[in-house]
There are 2 protein chains.
Amino acid sequence: MGASRTDIYTEEINEIADMAKVFAHPARVAILQYISTQESCICNDIVDEIGLAQATISQHLKVINDAGLLKGDFQGKSICYCLNIDRFQKFQTLLNSFFNKTKSNCC
Amino acid sequence: MGASRTDIYTEEINEIADMAKVFAHPARVAILQYISTQESCICNDIVDEIGLAQATISQHLKVINDAGLLKGDFQGKSICYCLNIDRFQKFQTLLNSFFNKTKSNCC
DNA sequence: TTGTATTATTGCAATATTACGATAATAAAT
DNA sequence: ATTTATTATCGTAATATTGCAATAATACAA
(Lines give C-alpha, C1' and ligand atoms only; values in the text may rest on other atoms or scores of the structure.)
Protein backbone atom coordinates (compact mmCIF):
# COMPACT_ATOMS: atom_id res chain seq x y z
CA MET A 1 0.00 0.00 0.00
CA GLY A 2 1.10 3.53 -0.63
CA ALA A 3 2.13 2.95 -4.20
CA SER A 4 -0.33 3.59 -6.98
CA ARG A 5 -1.55 0.49 -8.74
CA THR A 6 -1.26 0.62 -12.50
CA ASP A 7 -1.98 -2.99 -13.38
CA ILE A 8 -5.74 -2.61 -13.07
CA TYR A 9 -6.14 0.19 -15.59
CA THR A 10 -5.98 0.36 -19.36
CA GLU A 11 -2.85 1.67 -21.02
CA GLU A 12 -4.71 4.73 -22.19
CA ILE A 13 -5.73 5.61 -18.67
CA ASN A 14 -2.21 5.15 -17.31
CA GLU A 15 -0.84 7.25 -20.14
CA ILE A 16 -3.20 10.11 -19.38
CA ALA A 17 -2.32 9.98 -15.69
CA ASP A 18 1.39 9.99 -16.50
CA MET A 19 0.95 13.00 -18.76
CA ALA A 20 -1.03 14.87 -16.15
CA LYS A 21 1.64 14.16 -13.55
CA VAL A 22 4.07 16.34 -15.48
CA PHE A 23 1.77 19.32 -15.08
CA ALA A 24 0.71 18.41 -11.56
CA HIS A 25 3.43 20.51 -9.94
CA PRO A 26 3.50 24.30 -10.30
CA ALA A 27 7.28 24.35 -10.70
CA ARG A 28 7.02 22.22 -13.81
CA VAL A 29 4.22 24.31 -15.26
CA ALA A 30 6.29 27.42 -14.58
CA ILE A 31 9.39 25.87 -16.13
CA LEU A 32 7.54 24.93 -19.31
CA GLN A 33 5.99 28.36 -19.55
CA TYR A 34 9.31 30.08 -18.97
CA ILE A 35 11.19 27.96 -21.50
CA SER A 36 8.60 28.77 -24.09
CA THR A 37 9.09 32.51 -23.64
CA GLN A 38 12.84 32.42 -24.12
CA GLU A 39 14.03 33.10 -27.64
CA SER A 40 17.28 31.37 -27.02
CA CYS A 41 16.08 28.63 -24.75
CA ILE A 42 18.03 29.55 -21.64
CA CYS A 43 18.94 26.94 -19.03
CA ASN A 44 20.42 27.92 -15.65
CA ASP A 45 18.35 31.12 -15.74
CA ILE A 46 15.41 28.94 -14.85
CA VAL A 47 16.90 28.64 -11.39
CA ASP A 48 17.06 32.42 -10.97
CA GLU A 49 13.65 32.92 -12.54
CA ILE A 50 11.75 30.43 -10.42
CA GLY A 51 13.54 30.66 -7.10
CA LEU A 52 14.10 27.04 -6.20
CA ALA A 53 17.48 25.42 -5.62
CA GLN A 54 19.45 24.28 -8.64
CA ALA A 55 19.16 20.65 -7.62
CA THR A 56 15.40 20.96 -7.37
CA ILE A 57 15.05 22.56 -10.79
CA SER A 58 17.25 19.85 -12.26
CA GLN A 59 15.01 17.23 -10.73
CA HIS A 60 11.90 18.82 -12.22
CA LEU A 61 13.63 19.15 -15.59
CA LYS A 62 14.31 15.44 -15.46
CA VAL A 63 10.64 14.67 -14.96
CA ILE A 64 9.70 16.89 -17.88
CA ASN A 65 12.47 15.43 -20.00
CA ASP A 66 11.58 11.83 -19.15
CA ALA A 67 8.11 12.56 -20.45
CA GLY A 68 9.72 13.52 -23.75
CA LEU A 69 8.74 17.17 -23.61
CA LEU A 70 12.23 18.66 -23.94
CA LYS A 71 14.99 18.86 -26.45
CA GLY A 72 18.35 19.73 -24.90
CA ASP A 73 21.29 20.94 -26.97
CA PHE A 74 24.70 21.86 -25.65
CA GLN A 75 25.70 25.45 -26.27
CA GLY A 76 29.08 26.16 -24.77
CA LYS A 77 29.12 24.98 -21.17
CA SER A 78 25.41 25.28 -20.74
CA ILE A 79 22.50 23.32 -22.07
CA CYS A 80 19.89 24.97 -24.20
CA TYR A 81 16.53 23.51 -23.31
CA CYS A 82 13.74 23.71 -25.78
CA LEU A 83 10.21 22.39 -25.95
CA ASN A 84 9.68 19.28 -28.04
CA ILE A 85 6.68 20.67 -29.86
CA ASP A 86 5.65 17.41 -31.47
CA ARG A 87 5.46 15.65 -28.14
CA PHE A 88 3.80 18.64 -26.52
CA GLN A 89 1.22 18.61 -29.29
CA LYS A 90 0.63 14.91 -28.75
CA PHE A 91 -0.04 15.54 -25.07
CA GLN A 92 -2.59 18.18 -25.96
CA THR A 93 -4.28 15.99 -28.55
CA LEU A 94 -4.56 12.96 -26.27
CA LEU A 95 -5.81 14.97 -23.32
CA ASN A 96 -8.40 16.69 -25.51
CA SER A 97 -9.50 13.38 -26.91
CA PHE A 98 -10.07 12.14 -23.37
CA PHE A 99 -11.92 15.31 -22.39
CA ASN A 100 -14.14 15.24 -25.46
CA LYS A 101 -15.03 11.58 -25.16
CA THR A 102 -15.77 11.91 -21.46
CA LYS A 103 -17.94 14.97 -21.58
CA SER A 104 -19.94 13.82 -24.60
CA ASN A 105 -20.96 10.62 -22.82
CA CYS A 106 -22.16 12.31 -19.71
CA CYS A 107 -25.56 11.66 -18.15
CA MET B 1 10.93 20.63 3.11
CA GLY B 2 8.99 18.10 1.20
CA ALA B 3 5.90 20.19 0.72
CA SER B 4 5.39 21.91 -2.60
CA ARG B 5 5.79 25.65 -2.49
CA THR B 6 2.92 27.57 -4.02
CA ASP B 7 3.75 31.08 -2.89
CA ILE B 8 6.34 31.64 -5.58
CA TYR B 9 4.07 30.97 -8.56
CA THR B 10 1.30 32.92 -10.21
CA GLU B 11 -2.30 31.99 -9.51
CA GLU B 12 -2.71 30.74 -13.05
CA ILE B 13 0.18 28.35 -12.69
CA ASN B 14 -1.06 27.01 -9.37
CA GLU B 15 -4.53 26.59 -10.85
CA ILE B 16 -3.22 24.55 -13.77
CA ALA B 17 -1.17 22.35 -11.44
CA ASP B 18 -4.21 21.80 -9.21
CA MET B 19 -6.30 20.83 -12.20
CA ALA B 20 -3.68 18.44 -13.48
CA LYS B 21 -3.44 16.80 -10.06
CA VAL B 22 -6.99 15.51 -10.44
CA PHE B 23 -5.99 13.59 -13.54
CA ALA B 24 -2.58 12.61 -12.21
CA HIS B 25 -3.81 9.32 -10.79
CA PRO B 26 -5.15 6.54 -13.02
CA ALA B 27 -7.94 5.69 -10.58
CA ARG B 28 -9.36 9.18 -10.94
CA VAL B 29 -9.08 9.12 -14.71
CA ALA B 30 -10.84 5.76 -14.71
CA ILE B 31 -13.55 7.00 -12.36
CA LEU B 32 -14.28 10.02 -14.54
CA GLN B 33 -14.37 7.91 -17.66
CA TYR B 34 -16.64 5.35 -16.04
CA ILE B 35 -19.06 7.90 -14.67
CA SER B 36 -19.38 9.43 -18.08
CA THR B 37 -20.42 6.13 -19.64
CA GLN B 38 -23.20 5.47 -17.18
CA GLU B 39 -26.65 6.58 -18.31
CA SER B 40 -27.93 6.70 -14.81
CA CYS B 41 -24.83 7.92 -13.03
CA ILE B 42 -24.16 4.91 -10.86
CA CYS B 43 -22.23 5.24 -7.60
CA ASN B 44 -21.10 2.16 -5.62
CA ASP B 45 -20.66 0.26 -8.88
CA ILE B 46 -17.48 2.25 -9.31
CA VAL B 47 -15.97 0.14 -6.58
CA ASP B 48 -16.83 -3.08 -8.41
CA GLU B 49 -15.81 -1.67 -11.76
CA ILE B 50 -12.38 -0.41 -10.75
CA GLY B 51 -11.31 -2.95 -8.18
CA LEU B 52 -10.06 -0.79 -5.34
CA ALA B 53 -11.46 -0.77 -1.83
CA GLN B 54 -14.54 1.30 -1.15
CA ALA B 55 -12.62 3.60 1.15
CA THR B 56 -10.07 4.26 -1.54
CA ILE B 57 -12.67 5.04 -4.20
CA SER B 58 -14.42 7.36 -1.79
CA GLN B 59 -11.14 9.16 -1.20
CA HIS B 60 -10.57 9.63 -4.92
CA LEU B 61 -14.15 10.79 -5.40
CA LYS B 62 -13.50 13.43 -2.77
CA VAL B 63 -10.51 14.74 -4.68
CA ILE B 64 -12.54 14.90 -7.90
CA ASN B 65 -15.45 16.48 -6.07
CA ASP B 66 -13.30 19.06 -4.29
CA ALA B 67 -12.09 20.17 -7.70
CA GLY B 68 -15.73 20.85 -8.58
CA LEU B 69 -15.98 18.17 -11.24
CA LEU B 70 -18.93 16.27 -9.79
CA LYS B 71 -22.56 16.76 -9.09
CA GLY B 72 -23.94 14.31 -6.56
CA ASP B 73 -27.67 13.77 -6.09
CA PHE B 74 -29.25 11.40 -3.65
CA GLN B 75 -31.32 8.67 -5.22
CA GLY B 76 -32.67 6.34 -2.61
CA LYS B 77 -29.87 5.22 -0.34
CA SER B 78 -27.24 5.74 -2.91
CA ILE B 79 -25.71 8.81 -4.43
CA CYS B 80 -25.92 9.42 -8.13
CA TYR B 81 -22.66 10.97 -9.22
CA CYS B 82 -22.56 12.94 -12.41
CA LEU B 83 -19.99 15.00 -14.19
CA ASN B 84 -20.23 18.75 -13.75
CA ILE B 85 -19.92 19.50 -17.45
CA ASP B 86 -19.48 23.25 -17.02
CA ARG B 87 -16.56 22.79 -14.69
CA PHE B 88 -15.13 20.02 -16.81
CA GLN B 89 -15.33 22.28 -19.85
CA LYS B 90 -13.57 25.03 -17.95
CA PHE B 91 -10.72 22.66 -17.13
CA GLN B 92 -10.37 21.78 -20.79
CA THR B 93 -10.47 25.40 -21.90
CA LEU B 94 -7.86 26.56 -19.39
CA LEU B 95 -5.53 23.69 -20.10
CA ASN B 96 -5.82 24.28 -23.83
CA SER B 97 -5.17 27.94 -23.37
CA PHE B 98 -1.97 27.08 -21.48
CA PHE B 99 -0.94 24.56 -24.12
CA ASN B 100 -1.59 26.93 -27.00
CA LYS B 101 0.19 29.86 -25.43
CA THR B 102 3.18 27.74 -24.47
CA LYS B 103 3.70 26.02 -27.78
CA SER B 104 3.23 29.16 -29.85
CA ASN B 105 6.00 30.95 -27.97
CA CYS B 106 8.52 28.20 -28.34
CA CYS B 107 12.02 28.72 -29.64
C1' DT C 1 -37.04 1.78 16.32
C1' DT C 2 -34.41 -1.72 14.05
C1' DG C 3 -32.30 -3.40 10.19
C1' DT C 4 -30.10 -2.87 5.66
C1' DA C 5 -27.58 -0.69 2.09
C1' DT C 6 -24.61 2.86 0.75
C1' DT C 7 -21.11 6.30 1.34
C1' DA C 8 -17.76 8.99 4.30
C1' DT C 9 -14.28 9.21 7.72
C1' DT C 10 -10.60 7.64 10.74
C1' DG C 11 -6.30 5.51 11.73
C1' DC C 12 -2.49 3.41 10.09
C1' DA C 13 1.39 1.57 7.13
C1' DA C 14 3.86 1.83 2.87
C1' DT C 15 5.48 4.40 -0.85
C1' DA C 16 6.21 8.71 -3.52
C1' DT C 17 7.31 13.44 -3.97
C1' DT C 18 9.52 17.67 -2.91
C1' DA C 19 13.35 20.37 -1.55
C1' DC C 20 18.01 21.25 -0.39
C1' DG C 21 23.12 20.96 0.50
C1' DA C 22 27.01 18.61 -0.92
C1' DT C 23 29.33 16.48 -4.38
C1' DA C 24 30.28 14.61 -8.89
C1' DA C 25 30.37 15.06 -13.77
C1' DT C 26 30.86 17.69 -17.97
C1' DA C 27 32.57 21.21 -21.14
C1' DA C 28 35.05 25.05 -22.31
C1' DA C 29 38.78 28.46 -21.34
C1' DT C 30 43.28 29.67 -19.55
C1' DA D 1 46.64 20.19 -16.40
C1' DT D 2 43.97 23.65 -13.82
C1' DT D 3 40.39 26.57 -13.27
C1' DT D 4 35.65 28.05 -14.02
C1' DA D 5 30.88 27.60 -15.15
C1' DT D 6 27.05 24.73 -15.67
C1' DT D 7 24.21 20.76 -14.91
C1' DA D 8 23.31 16.09 -12.82
C1' DT D 9 23.29 13.00 -9.04
C1' DC D 10 23.40 11.46 -4.17
C1' DG D 11 21.92 11.48 0.45
C1' DT D 12 18.71 13.02 3.58
C1' DA D 13 14.65 15.11 5.89
C1' DA D 14 9.96 16.58 5.61
C1' DT D 15 5.56 16.21 3.67
C1' DA D 16 2.05 14.11 0.58
C1' DT D 17 -0.30 10.37 -1.48
C1' DT D 18 -2.13 5.86 -1.83
C1' DG D 19 -4.52 1.97 -0.09
C1' DC D 20 -7.02 -0.68 3.19
C1' DA D 21 -9.66 -2.34 7.35
C1' DA D 22 -12.57 -0.75 10.69
C1' DT D 23 -15.92 2.28 11.99
C1' DA D 24 -19.16 6.06 11.66
C1' DA D 25 -22.71 8.43 9.33
C1' DT D 26 -26.67 8.67 6.26
C1' DA D 27 -30.98 7.31 4.05
C1' DC D 28 -34.53 4.40 3.30
C1' DA D 29 -37.56 0.20 4.41
C1' DA D 30 -39.94 -2.76 7.44
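Heavy atoms only: backbone and side chains are in, while hydrogens, waters and symmetry mates are out. None of these values were measured; they are calculated from a predicted model. Letters go in sequence order (proteins before strands), and every chain restarts at 1.
- Protein atom NZ of B/K62 is 18 Å distant from nucleotide atom C1' of C/dT6, rounded to whole Å.
- Across the protein-nucleic acid pair, B/D18 atom CG and D/dA16 atom P stand 13 Å apart, rounded to whole Å.
- Atom-to-atom, CD1 of A/I8 to C1' of D/dG19 comes out at 10 Å; the value is rounded to the nearest Å.
- An OP1 or OP2 oxygen of C/dT6 is reached within less than 4.0 angstrom by no side-chain nitrogen or oxygen of B/Y81.
- Side-chain proximity of A/R5 to the nucleotides D/dT6, D/dT18, D/dC20 is greatest for D/dC20.
- Note on ring orientation: taking the six-membered ring where Trp is involved, the planes of A/Y9 and B/H25 are perpendicular (angle over 60°, cut-offs 30° and 60°).
- Considering only the side chain of B/A3, D/dT15 comes nearest among D/dA21, D/dC10, D/dT15.
- Here the side chain of A/S58 is nearest to one of D/dC20, D/dT9, C/dT7, namely D/dT9.
- You'll find that the side chain of B/N44 is closest to C/dT6, out of D/dT6, C/dT6, C/dT9.
- Nearest to the side-chain atoms of B/I79 among the listed nucleotides C/dT7, C/dA19, D/dA21 stands C/dT7.
- If you check every strand for non-hydrogen atoms under 4.0 Å, A/L52 touches sugar and phosphate atoms only.
- Residue-to-nucleotide proximity on DNA chain C shows that, of A/H60 and B/L61, the 5′-proximal contact is made by B/L61.
- Interface remark: the B/Q54 side chain does form a donor-acceptor pair with the C/dA8 base, using a distance-only criterion of under 3.5 Å.
- Separating the CD1 atom of A/I64 from the C1' atom of D/dA8 is a distance of 15 Å, rounded to the nearest angstrom.
- Residues A/T56 and B/R28 each lie close to DNA chain D; by heavy-atom proximity, the contact nearer the 5' end of the strand is made by A/T56.
- Rounded to an integer number of Å, the gap from CZ of A/F23 to C1' of C/dT18 is 19 Å.
- Side-chain atoms of A/T93 come within 3.5 Å of backbone atoms of A/Q89 as a donor-acceptor pair (strictly under, hydrogens ignored).
- To the nearest angstrom, P of C/dA16 lies 14 Å from CD of A/Q59.
- At least one side-chain heavy atom of B/F91 sits less than 4.5 Å from a side-chain heavy atom of B/F23.
- When distances are taken from the side chain of A/H25 to each of D/dG19, D/dA8, C/dA19, the shortest belongs to C/dA19.
- If you measure from atom CD1 of B/I57 to atom C1' of C/dT7, you get 12 Å, rounded to the nearest angstrom.
- Taking atom CG of A/D66 as the reference point, atom C1' of C/dT17 lies 15 Å away to the nearest angstrom.
- Summarising the geometry, atom CG belonging to A/L69 is positioned 6.5 Å from atom CG belonging to A/L32; distances are rounded to the nearest 0.5 Å.
- Checking side-chain atoms of B/N96 against main-chain N and O of B/Q92 turns up a donor-acceptor pair under 3.5 Å.
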